[in-house]
Amino acid sequence: MTTIDIHPSARRGDNMRIMGDLSLAQGVEVGANVTFFPNVRVGENTKIMPGAVVGRPPIRAGTTNRPIDSGDATVRIGSDCVIGANSVLYTNVRIGDNVLIGDLAVIREGCRLEDDTVVGQNTTLMHDVVMQARSRIHNLVHITGTMVIESDVFIGPSVSSINDNDVYLKRFGLIPFQVKGPRVRRFAVIGTAATLGADIEIGTGAIVAPGAMAVKDIPPWTIVAGVPARELRTVDADSRARVLAHFGLDDERGG
C-alpha cells in the first residue's frame with residue numbers, strides 16, 4: 001500500500017508524478033514535471049526545481065560490469081535544500097541540511113552528502129561517494145565511484161577522477177571487479193581541469209594546480225602541478241595557520 005504524506009503547506013507544481021511512498025514536510029516547494037520514485041522523504045523548506053527526478057533506481061544494461069546494489073531503497077533529503085532543475089537523484093541517497101544541488105547534476109546510488117555541501121551544475125557523483133560537511137564541487141565535474149571528499153574541500157570546474165587502474169582486463173570480466181576512488185582530505189583544493197588517479201590520497205590542506213594529473217599520494221599542505229603532478233612547494237605557514245585558526249584548530253589537529 002502506497003503511503004503519501006504531504007504537509008498542507010507544501011506547494012506542488014503541475015504534472016508532479018508520484019510513483020510510490022512519498023513524504024514532503026512543511027514548506028516544501030516542488031516545481032513542475034518533477035518525478036518521485038518510491039520511498040522519498042523530503043525535509044522542511046526544501047525546494048525541488050522543475051524537471052527533477054528523485055529516487056531513480058539503477059538499471060543494468062548491455063555489458064555493464066559493476067554489480068548493481070540499490071541498498072536501502074530510500075532517498076532522504078534534509079531541510080532547507082535546493083535540488084536543481086532536471087537533476088537526477090538515484091535511490092539510496094542521503095542528503096543533509098542546507099545542501100545545494102545544481103541544475104542537471106546526477107547523484108548516483110549510495111551517495112552521502114553532509115550538511116552545507118554544494119554540487120555544481122552538470123556535475124556527476126558516481127556510486128557510493130561520501131562528501132563531508134561544507135565541501136563544494138564546481139560545475140562540470142566527474143566524481144568517481146567510492147571517492148571520499150572530507151570536510152571543507154573545494155573542487156574546481158571540470159575536474160575528473162578515476163577509481164580503476166585495471167580497466168584493460170576488467171572491462172572483459174577477466175579479473176574481479178574492485179574499484180577505489182581517491183580520498184581528498186580536509187581543506188584541500190583541486191584546481192580547474194585537474195585529474196585525480198585511483199586509490200590515492202590528497203593530503204590535508206594540499207593544493208592540486210589547474211590541469212595537473214595527480215597519480216600518487218600528495219603530502220599534507222603541499223602544492224603540486226604538472227603531468228604527472230610534482231611538488232612545487234608547501235603552503236605558506238601564514239595561510240595554513242589562518243585556515244586552522246578559522247576552525248579553532250591547532251597544527252596537530254589540522255591533519
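What you are looking at is a predicted structure, and each value in this text was computed from that prediction instead of being measured. Worth knowing before you read on, the calculation uses all heavy atoms, side chains too, and leaves out hydrogens, waters and symmetry mates.
For Asp116, the side chain to side chain donor-acceptor pair (under 3.5 Å) partners are Asn98, not counting sequence neighbours. Thr234 is linked by a side chain to side chain donor-acceptor pair (under 3.5 Å) to nothing, counting only residues two or more places apart in sequence or in another chain. Partners of Asn15 under the side chain to side chain donor-acceptor pair (under 3.5 Å) rule, at least two apart in sequence or in another chain, are Asn33. Listed by chain and number, the residues in a side chain to side chain donor-acceptor pair (under 3.5 Å) with Asn86 amount to none (sequence neighbours excluded). Shown here are the side chain to side chain contact (heavy atoms under 4.5 Å, CB included) partners of Pro228, two or more places apart in sequence or in another chain: Val215, Arg230.
Atom OG of residue Ser161 and atom CD1 of residue Ile155 lie 7.5 Å apart, to the nearest 0.5 angstrom. One finds the NE2 atom of His142 at 10.5 Å from the OG1 atom of Thr123 (value rounded to the nearest 0.5 Å). Rounding to the nearest 0.5 Å gives a distance of 12.0 Å between CG of Leu196 and CG of Asn163. The distance from atom CD1 of Ile143 to atom SG of Cys111, rounded to the nearest 0.5 Å, is 10.0 Å. From Ile202, atom CD1 reaches atom CD1 of Ile207 across 12.0 Å, with rounding to the nearest 0.5 Å. Rounding to the nearest 0.5 Å places CG of Asn45 at 7.0 Å from OG of Ser79.
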Intermediate values then yes/no, side chain to side chain contact (heavy atoms under 4.5 Å, CB included), Asp103 and Gln121
CA-CA 5 Å; Asp103 299 341; Gln121 296 177 350; 3.9 Å; yes
Verdict with supporting geometry, Leu24 and Asp5, side chain to side chain contact (heavy atoms under 4.5 Å, CB included):
CA-CA 6 Å; Leu24 303 180; Asp5 180 15; over 6 Å; no
Carefully, step by step, assess Ile190 and Val184 under the rule side chain to side chain contact (heavy atoms under 4.5 Å, CB included).
CA-CA 9 Å; Ile190 313 299; Val184 184; 4.3 Å; yes
Apply side chain to side chain contact (heavy atoms under 4.5 Å, CB included) to the pair Ile223 and Val235, showing each step before the final yes or no.
CA-CA 6 Å; Ile223 303 172; Val235 175; 4.0 Å; yes
Determine, step by step, whether Arg56 and Glu109 satisfy the salt bridge (charged side-chain N to carboxylate O under 4.0 Å, His left out) criterion, reporting the C-alpha distance in whole Å, the side-chain angles of both residues, the deciding distance to 0.1 Å, and the verdict.
CA-CA 9 Å; Arg56 180 205 189 283; Glu109 68 276 9; over 6 Å; no
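Counting all heavy atoms, side chain and backbone alike, Met49 lies closest to Val34 at O-CG2, 3.4 Å. Residues Ile101 and Ser87 share a closest heavy-atom pair of CG2-CB, 4.3 Å. When all heavy atoms of Ala52 and Ile83 are compared, the closest pair comes out as CB-CG2, 4.5 Å. Nearest heavy atom pair, residue Gly43 against residue Ala25, reads C-CB, 3.7 Å. Taking all atoms of both residues into account, the shortest heavy-atom contact from Ala188 to Gly203 is CB-O, 3.9 Å. Of all the heavy atoms in Ala225 and Leu232, the pair that sits closest is CB-CD1, 3.6 Å.
Using a 4.5 Å cut-off between side-chain heavy atoms of Ile, Leu, Val, Met, Phe, Trp and Tyr, with links allowed through other members, Leu169 and Val167 fall into different hydrophobic clusters. Residues Ile18 and Val40 are members of one and the same hydrophobic cluster, defined by side-chain heavy-atom contacts under 4.5 angstrom among Ile, Leu, Val, Met, Phe, Trp and Tyr. Residue Val224 is grouped with residue Ile200 when hydrophobic side chains (ILVMFWY) are merged at heavy-atom distances under 4.5 angstrom, including chains of intermediate members. Side-chain heavy atoms closer than 4.5 Å link hydrophobic residues (I, L, V, M, F, W, Y) into clusters, and following such links, possibly through other members, connects Ile6 to Val42. Hydrophobic clustering (ILVMFWY, side-chain heavy atoms < 4.5 Å, transitive): Leu22 and Ile48 are in one cluster.
With hydrogens and angles ignored, the 3.5 Å screen pairs no side-chain donor or acceptor of Thr3 with any backbone N or O of Asp21. In terms of modelled atom types and a separation under 3.5 Å, the side chain of Asp14 and the main chain of Ala32 share no donor-acceptor contact. Side-chain atoms of Thr117 do not come within 3.5 Å of backbone N or O of Asp115 as any donor-acceptor pair. Distance alone, capped at 3.5 Å, places no donor-acceptor pair between the Thr195 side chain and the Ser160 backbone. With hydrogens and angles ignored, the 3.5 Å screen pairs no side-chain donor or acceptor of Arg242 with any backbone N or O of Ser239. Side-chain N or O atoms of Asp217 include one that pairs as donor or acceptor with a backbone N or O of Glu201 at under 3.5 Å. At least one donor-acceptor pair under 3.5 Å links the side chain of Thr46 to the backbone N or O of Gly78. Looking only at distances, a side-chain donor or acceptor of Lys170 sits under 3.5 Å from a matching main-chain atom of Gln178. Remark: the backbone N or O of Met19 is not paired with any side-chain donor or acceptor of Thr2 at under 3.5 angstrom. Of the possible donor and acceptor atoms, none in the side chain of Asn139 sits under 3.5 Å from a partner among the backbone N and O of Pro157.
At a threshold of 4.5 Å between non-hydrogen side-chain atoms, the residues Val99 and Val82 do not count as touching. For the pair Pro58 and Thr91, the minimum side-chain heavy-atom distance is below 4.5 Å. Looking at Ile77 and Val93, their side chains never come closer than 4.5 Å, going by heavy atoms from C-beta outward. Counting only heavy atoms from C-beta outward, the side chains of Thr192 and Val159 never approach each other to under 4.5 Å. Arg186 places none of its side-chain heavy atoms less than 4.5 Å from the side chain of Val243. Side chains of Ile107 and Met126 form no contact here, defined as non-hydrogen atoms less than 4.5 Å apart. Contact check for Asp199 versus Pro182: no side-chain heavy atoms found under the 4.5 Å cut-off. Taking the side chain as every heavy atom from C-beta outward, Val75 and Phe37 never approach each other to under 4.5 Å.
Residues in residues 22-51 take part in these salt bridge (charged side-chain N to carboxylate O under 4.0 Å, His left out) pairs, two or more places apart or across chains: Arg11-Glu29.
Between the side chains of Asn39 and Thr74, no donor-acceptor pair is found at a separation under 3.5 Å.
Within 6.0 Å of atom CE in Met213, 12 or fewer heavy atoms from other residues, nucleotides or ligands are found, so the atom counts as exposed in its surroundings.
Arg108 forms a cation-pi arrangement with Tyr90, by the criterion of a distance under 6.0 Å to the ring centre and an angle within 45° of the ring axis.
Across Arg136, Arg134, Arg185, a single residue satisfies salt bridge (Lys or Arg N to Asp or Glu O under 4.0 Å) together with Asp152, and that is Arg134. Considering Met131, Gln132, Arg94 as possible partners of Arg112, the one that fulfils the side-chain contact (heavy atoms from CB on, under 4.5 Å) test is Arg94.
A centroid separation of less than 6.0 Å is found between the aromatic rings of Phe187 and Phe247.
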